[in-house]
Amino acid sequence: MKVLGIILAGGRGEYLGPLTQVRTSAALPVFGKYRSIDFTLSNMVNAGISKVGIITQYSPRSLMDHIGSGKEWDLDRKQGGLFILQPYYSPYNPSMGYKGTADAIFQNINILRRGNEDYVMIGSGDHIFKADLSEIFRYHLETGSDITALTASNIENYNFGNVSLLKCKDGRVVEWIEREGPLEDLGGSNCVALGVYFMNKFLLRELLYSTVPNGENELVKGVIIPNLGSLNVREYRYNGYWRDIKQSKSCYYRTNLDILNPEIRRELFYEHGRVFTKLKDLPPPKITGTAFISNSVIADGCVVGGKLEDSVLFRDTRVLAGATVKGSVLLEGCIVEEGAYVENVILDKYCTVRSGKSFVGEQSDPTVIEKHGVI
């Protein structure tokens, strides 16, 4: 079975403040040395998808630098491979931008016209999860559905930003509502869509041609929901770990600290294949004799001489002797100097906390210091 993968990676993530001022949400660093897009991309590659189109728009430079030619995901190949689908100017597209997810796919309709793929898997670049997508393929074929959506039943975990609430009966989606969180009235819904859709490629082309030229630019709201009654749309219930890191700063913060949980770490990195990412030539982390470390993740190139508790250090970060870091997420290249105290904060890349300074945030609303910031 031939499947085309499409990853929607053009969103900004406006709820993330300074974290997405210089990068799209799909390029956000997670878990020490990964980017959020690594998980959806690796899920597709592990399922045997060898042709993937990544739709970008907002601030794509960091994402493009990370993806490169797709070598780390074995997508630098003659047949199939990786395709970067960026906005372009033409007489038919004078605005030079995508108006929505459906419009983005429609403007790149040639990737659906060419190739011998029969089906399309659509996912989001800012979702953190690990699943065997080949199981969804089999379920889709066995049930004879037109569209299969990945869903979850624990709705309370997805109550920020835009939420797709579903009412399902015997596996079939009978009602689909787009809502803004936080949620108070679920309207009888019993699950939520997780942003992964599997469908026939020719059906998707037909739906796009019949809706996008009429001004419907969103894939769910403008294409799937209006055709819910005429199509056999079914759910595939997913019970594993899943996070949409663009929901909020606190969601991004909690997601990074979730890796300290051994059960979540085992699910994300030791089940259903590997997670691939861009490698860097850095030495192993160095722990000095003055260091005290408890329940933390330390990436390549780090030097720790101070106290580190319940935190995640990204590549090439330094916590010097006498410094204390608690419950924090420090991105690549940060420096916490001697005697400094940091707790419940997110430091973007190349931030510096000067000697003797104290910086404390709240767990429910962590403070974010923008890239190259100095405290």
Side-chain angles (χ1 to χ4, degrees), residues 1-9 26-55 63 66-84 115 117-142 148-152 193-199 235-245 255-256 258-280 297 299-300 312 314-315:
M1 179 175 60
K2 299 289 186 178
V3 180
L4 167 67
I6 294 180
I7 299 178
L8 304 174
L28 279 170
V30 292
F31 306 145
K33 63 178 182 180
Y34 299 89
R35 301 290 182 122
S36 57
I37 196 173
D38 291 341
F39 289 84
T40 298
L41 190 54
S42 296
N43 284 334
M44 291 184 174
V45 171
N46 289 331
I49 298 177
S50 59
K51 183 178 180 181
V52 179
I54 300 178
I55 295 179
L63 180 66
H66 177 72
I67 295 297
S69 64
K71 178 182 179 181
E72 283 78 7
W73 296 267
D74 192 27
L75 292 175
D76 56 338
R77 52 178 65 198
K78 293 182 178 180
Q79 301 296 326
L82 183 70
F83 295 83
I84 305 301
E117 299 83 17
D118 299 316
Y119 297 91
V120 178
M121 170 67 72
I122 300 175
S124 296
D126 42 27
H127 293 175
I128 307 297
F129 71 106
K130 193 72 171 299
D132 184 0
L133 298 183
S134 60
E135 293 183 359
I136 306 178
F137 303 165
R138 290 192 291 268
Y139 175 83
H140 181 86
L141 296 177
E142 291 170 358
T148 300
L150 192 69
T151 65
L194 300 184
V196 177
Y197 312 105
F198 183 57
M199 67 185 78
E235 64 149 341
Y236 181 88
R237 191 63 59 94
Y238 175 70
N239 298 315
Y241 181 88
W242 184 92
R243 292 291 184 271
D244 178 0
I245 61 172
T255 300
N256 273 283
D258 281 345
I259 200 62
L260 304 179
N261 185 326
E263 294 183 1
I264 295 176
R265 190 163 61 245
R266 186 181 307 110
E267 177 183 344
L268 289 179
F269 294 103
Y270 296 98
E271 296 180 4
H272 307 305
R274 296 172 56 189
V275 179
F276 303 95
T277 191
K278 180 181 179 179
L279 302 177
K280 292 188 177 181
V297 168
D300 302 342
V312 176
F314 285 68
R315 291 167 168 149

- Item | Residues S124, D126; criterion side chain to side chain donor-acceptor pair (under 3.5 Å); working and verdict | CA-CA 6 Å; S124 296; D126 42 27; 4.6 Å; no
- Does the side-chain contact (heavy atoms from CB on, under 4.5 Å) test come out yes or no for Y241 and I128, once each step is laid out? CA-CA 8 Å; Y241 181 88; I128 307 297; 4.2 Å; yes
- Might you work through the side-chain contact (heavy atoms from CB on, under 4.5 Å) test for L194 and H127, ending with a clear yes or no? CA-CA 8 Å; L194 300 184; H127 293 175; 5.6 Å; no
- Task: Could you pull out all residues at least two apart from R265 that satisfy salt bridge (Lys or Arg N to Asp or Glu O under 4.0 Å)?
- Result: none
- Over 12 foreign heavy atoms within 6.0 Å of CZ, R274: no
- Message: Would you call the rings of F31 and F269 parallel, tilted or perpendicular, taking 30° and 60° as the class edges?
- Response: perpendicular
- Determine, stepwise, if the pair L41 / L75 fulfils side-chain contact (heavy atoms from CB on, under 4.5 Å). CA-CA 10 Å; L41 190 54; L75 292 175; 4.0 Å; yes
- Query: Do the two ring centres, one from F129 and one from F39, sit under 6.0 Å apart?
  - Reply: no
- Message: Just to verify, what does K280 make a salt bridge (Lys or Arg N to Asp or Glu O under 4.0 Å) with, not counting sequence neighbours?
- Response: E332
- Message: Test of understanding: with salt bridge (Lys or Arg N to Asp or Glu O under 4.0 Å), list the residues that count as partners of R266, not counting sequence neighbours.
- Response: none
- Item | Cationic tip of K51 above F83 ring, under 6.0 Å, 45° of axis | yes
- Verify side-chain contact (heavy atoms from CB on, under 4.5 Å) between V3 and F198, making sure each step is shown before the conclusion. CA-CA 9 Å; V3 180; F198 183 57; 4.1 Å; yes
- Heavy atoms, side chains only, cut-off 4.5 Å: are I54 and I37 in contact? yes
- Where is the tightest heavy-atom contact between W73 and K278, given as atom of each residue plus distance? CH2-N, 4.2 Å
- Would you give the length of the straight line joining atom CG of L268 to atom CG of N261, rounded to the nearest 0.5 angstrom? 10.0 Å
- Query: If you round to the nearest 0.5 Å, how far is CG of D300 from CZ of F314?
  - Reply: 12.5 Å
